[in-house]
Amino acid sequence: QVQLVESGGGLVQAGGSLRLSCAASGRTFSSYGMGWFRQAPGKEREFVAAISWSGAPTYYIDSVKGRFTISRDNAKNTVYLQMNSLKPEDTAVYYCAANRRGRAFSTYGLYDYWGQGTQVTVSS
């Protein structure tokens with residue numbers, strides 16, 4: 001069993017930056033593929049970014065390419081999402097997820113473990 005705890009969310013003005021962190025419990029973090037998803041009010045949860053167990057490859061939804069960067073530190077059991085040039089449409093609850101296959105999946109249903117989420121609000 002893996003427990004995931006997100007942090008780093010908050011309120012930021014458009015154009016600003018935030019770095020989300022997801023700390024994982026357990027000894028097998030380095031073998032998991034990790035992803036970030038988000039859910040805005042009234043909308044379905046959507047894929048944002050993913051990273052394989054080794055750190056490559058990484059994948060992003062088109063709307064965040066060039067602005068967001070996913071990375072991981074296996075020694076710290078942590079995955080990060082650096083978010084720059086934030087826009088009001090990035091406002092959502094951001095969730096961290098882990099899959100046992102070690103892959104950088106973009107599909108919600110392929111992830112085995114989920115965090116509780118952290119709120120990101122971008123004001124215009």
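On a predicted model such as this, the values are computed, not experimentally measured, just so you know. Quick note: numbers below take in every heavy atom, side chains included, and nothing from hydrogens, waters or symmetry partners.
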S.K.: Tell me the salt bridge (Lys or Arg N to Asp or Glu O under 4.0 Å) pairs involving residues 111-124, sequence neighbours left out?
M.R.: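 As it turns out, the salt bridge (Lys or Arg N to Asp or Glu O under 4.0 Å) pairs with a partner in residues 111-124, which skip direct neighbours, are Arg100-Asp112.
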S.K.: Does any pair with a residue in residues 42-74 pass ring pair (Phe, Tyr, Trp, His ring centres under 6.0 Å), and if so which ones, sequence neighbours excluded?
M.R.: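 Sorted pair list: Phe37-Phe47.
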S.K.: Is the backbone of Ser52 close enough, under 3.5 Å, to the side chain of Arg72 for a donor and an acceptor to pair up by distance?
M.R.: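 Yes.
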S.K.: Hey, does Leu4 have a side-chain heavy atom less than 4.5 Å from the side chain of Met34?
M.R.: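 Yes, close enough: below the 4.5 Å cut-off.
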S.K.: What do you reckon, is CD of Glu89 surrounded by more than 12 foreign heavy atoms closer than 6.0 Å?
M.R.: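 Yes, CD of Glu89 has more than 12 neighbouring heavy atoms, counting only those of other groups under 6.0 Å.
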S.K.: So which heavy atom on Thr78 is nearest to which on Ser21, and how close?
M.R.: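 Shortest heavy-atom separation between Thr78 and Ser21 comes out as CG2-CB, 4.2 Å.
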S.K.: In this structure, would Tyr80 and Leu86 fall into the same cluster of hydrophobic residues linked by side-chain contacts under 4.5 Å?
M.R.: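 Shared cluster, no.
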S.K.: When rounded to the nearest 0.5 angstrom, what is the spacing between OG in Ser124 and CD in Gln13?
M.R.: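 Atom-to-atom, Ser124:OG and Gln13:CD are 9.5 Å apart.
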S.K.: Please report the closest heavy-atom contact between Tyr95 and Gly115, naming both atoms and the distance.
M.R.: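 Of all heavy-atom pairs spanning Tyr95 and Gly115, the closest is CD2-O, 3.6 Å.
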S.K.: Could you go through Val48 and Met83, starting from their C-alpha distance and side-chain angles, then the distance that decides it, and tell me whether this counts as side-chain contact (heavy atoms from CB on, under 4.5 Å)?
M.R.: CA-CA 11 Å; Val48 177; Met83 305 187 296; over 6 Å; no
S.K.: Do you know which two heavy atoms are closest between Ala14 and Pro88, and how far apart they sit?
M.R.: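 Looking at all heavy atoms of both residues, the closest pair is CB-CD, 4.1 Å.
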S.K.: Enter the distance from Gln39:CD to Glu46:CD here, rounded to the nearest 0.5 Å.
M.R.: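 Answer rounded to 0.5 Å: 9.5 Å.
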S.K.: Is any side-chain heavy atom of Asn99 closer than 4.5 Å to one of Leu110?
M.R.: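 They are not in contact (no side-chain heavy atoms under 4.5 Å apart), so the answer is no.
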S.K.: For the CZ atom on Arg103, are there more than 12 heavy atoms of other groups (residues, nucleotides or ligands in this structure) within a distance under 6.0 Å?
M.R.: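 For Arg103, atom CZ is not crowded (no more than 12 foreign heavy atoms under 6.0 Å).
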S.K.: Provide the closest heavy-atom pair for Leu18 versus Gly8 in the form atom of the first, atom of the second, distance.
M.R.: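 Between these two residues, the closest heavy atoms are CD2-O, 3.8 Å.
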S.K.: Looking only at heavy atoms, what is the nearest atom pair of Val12 and Gly16, with distance?
M.R.: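 Looks like CG2-CA, 3.8 Å.
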S.K.: Taking C-beta and beyond as the side chain, do Phe29 and Lys76 meet within less than 4.5 Å on heavy atoms?
M.R.: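 No, their side chains stay 4.5 Å or more apart.
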S.K.: At their closest point, which heavy atom of Ser85 faces which heavy atom of Ser17, and how far apart are they?
M.R.: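 Looking at all heavy atoms of both residues, the shortest contact is N-OG, 4.3 Å.
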S.K.: Asp90 versus Arg67: any side-chain heavy-atom pair under 4.5 Å?
M.R.: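 Yes - at least one pair of side-chain heavy atoms lies under 4.5 Å apart.
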S.K.: Would the distance check show the side chain of Thr91 and the main-chain N or O of Val122 forming a donor-acceptor pair, the cut-off being under 3.5 Å?
M.R.: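 Side chain of Thr91 to backbone of Val122: a pair is present.
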S.K.: Nearest 0.5 angstrom please: Gln1 CD to Gln3 CD, how far?
M.R.: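 Here the interatomic distance stands at 7.0 Å.
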S.K.: side-chain contact (heavy atoms from CB on, under 4.5 Å) between Leu20 and Glu6: does it pass, once the steps are laid out?
M.R.: CA-CA 7 Å; Leu20 305 183; Glu6 301 98 334; over 6 Å; no
S.K.: Show your working on side-chain contact (heavy atoms from CB on, under 4.5 Å) between Trp114 and Tyr108 and close with a plain yes or no.
M.R.: CA-CA 10 Å; Trp114 291 84; Tyr108 172 93; 3.5 Å; yes
S.K.: Measure the spacing between OH of Tyr94 and CG of Leu81 and express it to the nearest 0.5 Å.
M.R.: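 One finds 7.5 Å between OH of Tyr94 and CG of Leu81.
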S.K.: Quick one: does Tyr111's side chain have a donor or acceptor within less than 3.5 Å of a partner on Phe105's backbone?
M.R.: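 Yes.
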S.K.: Can you tell me how far OG of Ser7 sits from CZ of Arg19, rounded to the nearest 0.5 angstrom?
M.R.: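 Arg19 atom CZ to Ser7 atom OG measures 9.0 Å (nearest 0.5 Å).
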